[in-house]
Amino acid sequence: MATAHHHPQIASLLTLSARLGRDPLLVQASSGNTSVKLDGVLWIKASGKWLASAMDEDSLVPASLDQVRGCMRQGLDYRSIRAGTSGCELRASIETAMHAVMPHRVVVHVHSVNAIAWAVRRDAPERMAELLSGLPWQWIPYVASGLPLAQEIGRALERDPAATVFVLGNHGLVVGADTCAEAAALLDQVEQRIAVQPRPPRQAPVRLKPRAQWRLPANPALHALGADAVSFRILQQGVLYPCQAIFLQEPTGDAAYVAAAGRGVLVSASITKTQSAILGGLLEVVQRIDENAPIRYLLPSELEALLSADVYRYRQKVESNAKTRVV
Ligand SMILES: [Zn+2]
């Protein structure tokens with residue numbers, strides 16, 4: 001693996017990954033993943049790792065492209081086939097199949113707050129068609145991560161084999177290119193096209209006092225989730241995207257934060273670095289959703305599928321990686 005890491009394409013991928021991972025408008029905590037294909041091997045971010053730490057720790061896993069694609073042809077997820085194999089501490093990203101199905105050498109998947117602010121809208125396909133006009137892009141309606149998402153991307157590539165930009169409903173953005181520099185330039189171009197000015201916070205005087213297991217957030221901007229009437233209403237009506245459900249809601253019903261209408265926010269006294277990053281991203285997304293936007297929330301069945309035991313194991317892994325993360 002040490003030899004492979006000296007490959008210039010892998011060095012470029014790690015540099016790009018770290019840069020993207022440090023931009024909270026593109027990646028929050030362990031979200032997002034990147035990959036490069038070299039000589040039949042897909043080098044992909046390990047599950048639960050933070051892109052921000054890509055330069056500081058082992059974060060890439062090699063996977064045989066033939067094997068991943070072979071599994072897909074049989075309707076199987078490569079990750080579940082590999083789950084039982086021992087000797088490899090790192091497990092490939094949940095989106096391994098998606099990276100493999102794309103023909104591009106370099107694939108970048110981010111949870112861009114601009115993209116999500118559009119991708120939660122029922123009219124996202126039409127709005128994206130205007131904003132991304134001229135770019136080879138495809139709309140991918142919400143499907144679960146893993147094999148279902150890879151299959152949808154595969155269908156989109158059958159519709160347009162030249163597609164390089166994929167907007168994922170209630171999820172984020174994927175771009176593919178031949179080099180890291182081209183992928184970065186394409187991502188920048190898309191981000192410029194879809195950029196939304198966040199709603200100015202109509203900051204009401206916060207009259208919240210810390211109590212019991214709740215405390216005031218370290219980031220005072222978070223108060224907008226309660227103080228801003230539009231943001232508060234949007235969040236009351238449902239869950240916008242998977243990370244919001246996975247990291248900010250507890251199976252026991254205890255949440256990472258509580259918002260008080262017209263006032264502000266208190267966060268759990270035990271809020272983790274991961275949850276803070278996800279909550280910061282949620283603020284950025286919600287402030288970019290127009291107050292009249294027709295929102296497509298995650299369905300109860302989609303939420304149920306998300307909040308499985310497997311997801312909580314994943315979350316524990318992310319939290320343990322966060323403790324050792326070099327900031
Ligand atoms: Zn994702």
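Predicted, not measured: the structure shown is a model, and the values here were computed from it. All ligand and atom numbering here is 1-based and tracks the order in the structure.
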N/O donor-acceptor pairs under 3.5 Å from side chains in residues 126-139, not counting sequence neighbours:
unit_1	atom_1	unit_2	atom_2	d
Q138	OE1	R159	NE	3.1
Q138	OE1	R159	NH2	3.1

Within the 3.5 Å criterion, strictly below it, is a donor on H104 or D178 matched to an acceptor on the partner's side chain? no

May I ask you to list the protein N, O or S atoms found at less than 2.8 Å from the Zn ion (ligand 1)? H109 NE2, H111 NE2, H171 NE2

Could you identify which residues cluster with L42, counting Ile, Leu, Val, Met, Phe, Trp and Tyr as linked when any side-chain heavy atoms lie under 4.5 Å apart, either directly or through a chain of such contacts? I44, L65

Between R199 and E284, is there a salt bridge with N-O shorter than 4.0 Å? no

Is the shortest side-chain N to carboxylate O distance from D77 to R79 below 4.0 Å?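 Not counted as a salt bridge, because no side-chain N and carboxylate O are separated by less than 4.0 Å.
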
Using residues 148-155 as the side-chain source, report each donor-acceptor pair under 3.5 Å to any protein atom, sequence neighbours left out, with the distance given to one decimal.
unit_1	atom_1	unit_2	atom_2	d
E152	OE2	R155	NH1	2.5

